[in-house]
Amino acid sequence: MFLLSDSSSIIAKTERGCKNLSNLDATLKNLFGFDTFREGQREIIEAVMNQQDVLAILPTGRGKTLCYHLPSLILGGLTLVISPLVSLMEDQVTQMKASGNKRVAHLSSLLNQQEKQDLMMGLGNLDLLFLSPEMASLPFVKRALVRQKITLFVIDEAHCISHWGHEFRTDYLRLNSLRSSLGNPSCLALTATATPLVEKDIRGQLKMENEVVIRYPVNRENIYIGIEEVASVQEKHALLIARINQVETPAIIYTGTRQETERIAGLLKRETNFESSFYHGGLTKEDRLLIQHQFIHDELDIICCTNAFGMGINKSNVRTVIHLHLPSSIEQYVQEIGRAGRDQSQSTALLIYQPEDHLLPLSFIENEFPDDDLLNHLSDESDFSHYSLEELRNFYQLDDNSYRMLHYYLDQENLIEEGNLQLNEQQQHVIKKLRVKFQTRKKEKILQLERIKSFVLSRTCLRRYVSHYFEEEILVLPEFCCSQCQLTETYLKEIDSINYNVRSERSIHKESDWSKELENMLITNAGGLYGK
DNA sequence: CGGTCAGCGTGTATACGCTGACCGGTGCCATACT
């Protein structure tokens, strides 16, 4: 384990480690107590130590944290870790502190103003600071960071740049400008899933230079991929009940809406004996924490949730992931089924599909972008002087997300001054450019939806389909592959008999212990009663 | 698209059915307000 007690010992050890990369093994042993690196870790760490920009696509469970924790200690200075969720930052800081490194902190809304100020004043005492892209964009944070020597700029869950940055959390797109104002420290972007297109987007957004891309295949051999089509919601629910009794738990059931998570949890309570609950973004922080905790500690068999659940959930024995809706892309689907079987044991991913299911994600895409009328209005209007953004917002009834996105892009084009739109005729081309940009993004998203629709309707091997989508090739298919290679019903029977044998062995084992105990008791009693 | 819900009319049942509008997923932060 990590055995440091004060900052001077860190510096002494890290300086020794820095001299020679071949000492990495010794450093790993000294600082973390591990004898060997996991697959991929050494490669990434060496590239980081050589001050190269690195994009690493590494399956979950390979120890991504070590890939920046170790270099941060050797390189000295401050390592910034951009993380998408406060809960994720908290977990990582807690784990690092528990392992012995007290020089880590997270800067988030969980701290009050004074605590934030204190933390900013004491940045020099830290090895690692975790923060969200939104926090990193705040002026007082930027000012404090610029005064520090930042040696490494890490983006954890880097697919969020591409997945969320363009519309939902645009502060992700400001990361490059932050990095550049920090003197362009070398950059490490980590994720578990990225198609070549997403990879290109991440590299472009972060303006990586001479970067090293380290990519491991997305194919997870221990997960069977099953897709079944039904004609109605009633059939969907009936099939779910049938399947949930055939698969192993713990299980995650993904649905499309918050309301549906609650409905399915109710259905499971009525129709099965499983312990289940629901989880979505509308719950209070306390409830979310409680349910997450219960699931992780095996107090719940099943969790019914929206896509709010999953990122950063560290649970190795999830046996089944069921989708009752259509995720908005194959990447999203792969991320979500990847939460099964991290312990490498055989696991199951089932998607129950009905033909109308693409309409919900389609409506999300449609609603995400500002109304075409709004942009047409802006680009055609002859009197530009009298619009405040608030007026436009109210007139077009923009929700918070669309408004923030529009604000971000207008601001990027320097069209906003003190909350008001500053447009003149010369800038009309900028509005036209934005309109094209939104249309293009929308088309791309619809195309991604089309791709997953084709995937669920595919009549060829689903595993090959996914790998092909990520531009990878599979040479050998596993025994339990997918519903195109083997019917789900057949697979479930085979798996059940294997599991049955495992369960029987366990119970025979238990029985023998018990019978021995009983035997002993009987002998003792026999001695007492009938002895001699 | 499908579900849900408010508003309305019916016309007396204090509920019911119809219609049209609207909403549906993901998180961070700050600020204003209670």
Side-chain angles (χ1 to χ4, degrees), chain A residues 82-90 106-113 115-116 130-142 155-157 159-175 178 231-234 236-237 253-264 278-285 288-289 292 304-313 323-329 331-333 335-336 353-369 371 396-405 407-408 419 445 448-449 452-453:
Chain A
I82 305 292
S83 171
L85 306 178
V86 174
S87 58
L88 210 59
M89 300 176 210
E90 271 188 301
H106 64 91
L107 175 64
S108 77
S109 57
L110 296 181
L111 308 181
N112 64 35
Q113 205 119 19
E115 289 168 323
K116 283 179 204 161
F130 291 80
L131 73 175
S132 67
E134 288 82 3
M135 189 61 96
S137 302
L138 295 177
F140 85 96
V141 176
K142 254 180 148 173
I155 296 98
D156 198 12
E157 306 285 356
H159 60 279
C160 292
I161 295 178
S162 186
H163 181 207
W164 280 349
H166 298 280
E167 289 87 23
F168 180 48
R169 293 178 69 179
T170 44
D171 284 307
Y172 262 106
L173 303 189
R174 299 185 206 266
L175 291 180
L178 172 68
S232 68
V233 176
Q234 290 74 21
K236 194 185 257 184
H237 290 179
I253 300 178
Y254 281 107
T255 70
T257 66
R258 293 173 174 185
Q259 204 170 35
E260 188 68 0
T261 64
E262 301 186 19
R263 196 175 297 142
I264 297 295
F278 57 85
Y279 181 105
H280 55 68
L283 301 179
T284 62
K285 225 172 207 172
R288 289 176 69 159
L289 260 177
Q292 184 180 314
C304 307
C305 54
T306 60
N307 55 7
F309 184 80
M311 198 154 43
I313 301 294
H323 281 88
L324 293 183
H325 74 122
L326 192 67
S328 49
S329 67
E331 286 101 306
Q332 177 129 22
Y333 173 71
Q335 275 270 348
E336 286 168 359
Y353 171 79
Q354 83 187 84
E356 301 79 32
D357 279 351
H358 67 283
L359 295 168
L360 180 66
L362 184 62
S363 75
F364 290 151
I365 299 171
E366 295 286 351
N367 291 334
E368 201 166 32
F369 294 89
D371 204 321
Y396 285 99
Q397 299 188 324
L398 292 180
D399 63 27
D400 284 357
N401 288 337
S402 311
Y403 176 73
R404 263 202 306 277
M405 173 172 72
H407 191 286
Y408 169 82
K445 289 198 149 187
Q448 287 184 335
L449 184 58
I452 191 166
K453 233 172 102 183

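Just the heavy atoms: all of them, side chains too, but no hydrogens, waters or symmetry mates, feed the values below. The sequence lines fix the lettering, A, B, ..., with proteins before strands; numbering per chain opens at 1. Everything numeric in this text was worked out from a predicted model, so none of it was measured.
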For DNA chain B, the residues among residues 355-363 of chain A that have a non-hydrogen atom under 4.0 Å from it: Glu356(A), Leu359(A), Leu360(A), Ser363(A)
Full working for side chain to side chain contact (heavy atoms under 4.5 Å, CB included) between Asn401(A) and Glu368(A): CA-CA 7 Å; Asn401(A) 288 337; Glu368(A) 201 166 32; over 6 Å; no
Dot-bracket line, read 5' to 3' along DNA chain B, where crossing pairs take [ ] and | marks a partner on another strand, Watson-Crick or G-U under 3.5 Å: ((((((((((....))))))))))..........
Sugar-phosphate, base or nothing in reach of Ser137(A), heavy atoms under 4.0 Å: nothing
Sugar-phosphate only, base, or nothing, as touched by Asn367(A) at under 4.0 Å among non-hydrogen atoms: base
side-chain hydrogen bond (donor to acceptor under 3.5 Å, both in side chains), paired with Asp357(A), selected from Lys453(A), His325(A), Lys236(A): Lys236(A)
Whichever of Gly282(A) and Arg263(A) has its nearest DNA chain B nucleotide further upstream toward 5': Arg263(A)
Student check: side-chain heavy atoms of Leu138(A) and Lys116(A) closer than 4.5 Å: no
Between dC16(B) and dT12(B) - C1' atom distance, rounded Å: 12 Å
Qualifying residues under salt bridge (Lys or Arg N to Asp or Glu O under 4.0 Å), relative to Glu134(A), sequence neighbours excluded: Arg169(A)
Exercise: do Glu336(A) and Gln332(A) side chains pair donor with acceptor under 3.5 Å: yes
Residues which pass salt bridge (Lys or Arg N to Asp or Glu O under 4.0 Å) with Asp400(A), listed by chain and number, not counting sequence neighbours: Arg393(A)
Integer angstrom distance from the P of dT34(B) to that of dT14(B): 40 Å
Aromatic plane relationship, Tyr333(A) with His323(A) - under 30° parallel, 30 to 60° tilted, over 60° perpendicular: tilted
Nearest-angstrom distance, P atom, dG11(B) to dG17(B): 14 Å
Whether Trp164(A) and Phe168(A) hold their rings parallel, tilted or perpendicular, with breakpoints at 30° and 60°: perpendicular
Pro133(A) side chain near Leu175(A) side chain, heavy-atom distance below 4.5 Å: yes
Arg174(A): salt bridge (Lys or Arg N to Asp or Glu O under 4.0 Å) partners, not counting sequence neighbours: Asp171(A)
Spacing of the P atoms in dG25(B) and dC5(B) (rounded, Å): 13 Å
Working for side chain to side chain contact (heavy atoms under 4.5 Å, CB included), residues Cys305(A) and Tyr254(A): CA-CA 5 Å; Cys305(A) 54; Tyr254(A) 281 107; 3.6 Å; yes
Touch class at under 4.0 angstrom, heavy-atom based, for Lys285(A) against every strand present: nothing
Opening and closing nucleotides of DNA chain B in contact with chain A, under 4.0 Å to non-hydrogen atoms: dC1(B) to dA30(B)
Touch class at under 4.0 angstrom, heavy-atom based, for Glu260(A) against every strand present: nothing
